[in-house]
Amino acid sequence: MAKKSHETLTLIEEITRLDGSRYMEISNMVQNGRAELARLRNMIQEVRILQLNIPHSPSVQAYEDYINENYVMPGENFDHFEEWEKPAKIQELVDTILKENHIG
């Protein structure tokens, strides 16, 4: 199993899945780099940064805690792109973050 890391989330990106559907993700530059690699490896269609340096609000902190507790950031040799699951309570956090940053 990969080593757990503590990621600080600092940006909002839009990811286009292979089926053409899109979703917003709260991420950071390292994870955005992984998404770019996934795009080059045809695991996703596109990734676009929508906003950099988002404020570290209580909602961002809560989402960051959820991600760090439940996910491990992949190394460069990953063989699939893992979309972070968002139970209803977590999706509410993401929606709040998007509103706080005037996106959506």
Side-chain angles (χ1 to χ4, degrees):
M1 183 173 173
K3 181 181 171 190
K4 278 255 187 205
S5 60
H6 179 78
E7 301 296 321
T8 300
L9 304 179
T10 59
L11 61 85
I12 298 171
E13 62 188 5
E14 179 185 67
I15 295 175
T16 305
R17 299 176 185 100
L18 290 176
D19 67 5
S21 62
R22 297 175 182 189
Y23 71 98
M24 307 292 183
E25 189 56 82
I26 315 308
S27 190
N28 62 26
M29 291 305 290
V30 172
Q31 190 63 14
N32 178 262
R34 297 301 184 260
E36 287 290 349
L37 275 175
R39 186 189 60 76
L40 291 171
R41 295 174 183 171
N42 297 314
M43 297 173 187
I44 61 174
Q45 278 188 26
E46 184 180 30
V47 59
R48 269 185 334 135
I49 294 175
L50 301 178
Q51 188 164 337
L52 291 168
N53 302 319
I54 61 174
H56 204 256
S57 69
S59 298
V60 171
Q61 182 61 56
Y63 186 64
E64 192 174 279
D65 290 345
Y66 165 76
I67 294 303
N68 284 310
E69 288 169 14
N70 292 283
Y71 293 94
V72 175
M73 297 303 121
E76 290 182 25
N77 62 346
F78 63 92
D79 61 0
H80 69 284
F81 184 76
E82 183 173 19
E83 182 175 335
W84 296 338
E85 292 184 32
K86 296 173 188 71
K89 179 180 171 186
I90 300 303
Q91 185 61 54
E92 287 176 19
L93 285 174
V94 171
D95 292 344
T96 298
I97 295 165
L98 295 174
K99 285 177 192 164
E100 289 171 349
N101 288 279
H102 311 286
I103 294 176

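Note that the CG atom of Asn32 and the CG atom of Leu37 stand 10.0 Å from one another [nearest 0.5 Å]. Here the CD-OG1 distance, from Gln31 to Thr10, works out to 11.0 Å after rounding to the nearest 0.5 Å.
The closest side-chain heavy-atom distance from Lys89 to Tyr66 is not below 4.5 Å.
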Indicate every side-chain donor-acceptor pair of residues 44-51 with a distance under 3.5 Å to a residue at least two apart or in another chain.
| unit_1 | atom_1 | unit_2 | atom_2 | d |
| --- | --- | --- | --- | --- |
| Gln45 | NE2 | Leu18 | O | 2.8 |
| Arg48 | NE | Glu14 | OE1 | 3.2 |
| Arg48 | NH2 | Glu14 | OE1 | 2.9 |
| Gln51 | NE2 | Asn101 | OD1 | 3.2 |

Under 3.5 Å, sequence neighbours excluded: what are the donor-acceptor pairs made by side chains of residues 52-64?
| unit_1 | atom_1 | unit_2 | atom_2 | d |
| --- | --- | --- | --- | --- |
| His56 | NE2 | Glu64 | OE1 | 3.0 |
| His56 | NE2 | Glu64 | OE2 | 3.4 |
| Ser57 | OG | Ser59 | N | 3.4 |
| Ser57 | OG | Val60 | N | 3.2 |
| Ser57 | OG | Glu100 | OE1 | 2.8 |
| Ser59 | OG | Glu100 | OE2 | 3.4 |
| Gln61 | NE2 | Asp65 | OD1 | 2.7 |
| Tyr63 | OH | Glu25 | OE2 | 2.4 |
| Glu64 | OE1 | Leu9 | N | 2.8 |

In a table with atom names and distances, give each donor-acceptor pair under 3.5 Å that connects a side chain of residues 72-85 to protein atoms at least two apart or in another chain.
| unit_1 | atom_1 | unit_2 | atom_2 | d |
| --- | --- | --- | --- | --- |
| Glu83 | OE1 | Arg17 | NE | 2.9 |
| Glu83 | OE2 | Arg17 | NH2 | 2.7 |

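When the side chains of ILVMFWY residues are joined at heavy-atom separations under 4.5 Å, either directly or via intervening members, Leu11 and Val94 end up in two distinct hydrophobic clusters. Ile26 and Tyr23 are not part of a single hydrophobic cluster, where members link through side-chain heavy atoms under 4.5 Å apart. Using a 4.5 Å cut-off between side-chain heavy atoms of Ile, Leu, Val, Met, Phe, Trp and Tyr, with links allowed through other members, Val30 and Ile12 fall into different hydrophobic clusters. Residues Ile97 and Ile67 fall within the same hydrophobic cluster, defined by Ile, Leu, Val, Met, Phe, Trp and Tyr side chains chained together at heavy-atom separations under 4.5 Å.
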Exercise. I would like to know whether Arg39 and Glu36 meet salt bridge (charged side-chain N to carboxylate O under 4.0 Å, His left out); could you show each step before the answer?
Key: CA-CA 5 Å; Arg39 186 189 60 76; Glu36 287 290 349; 3.2 Å; yes
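Within the 3.5 Å criterion, the main-chain N or O of Glu7 finds a donor-acceptor partner in the side chain of Asn68.
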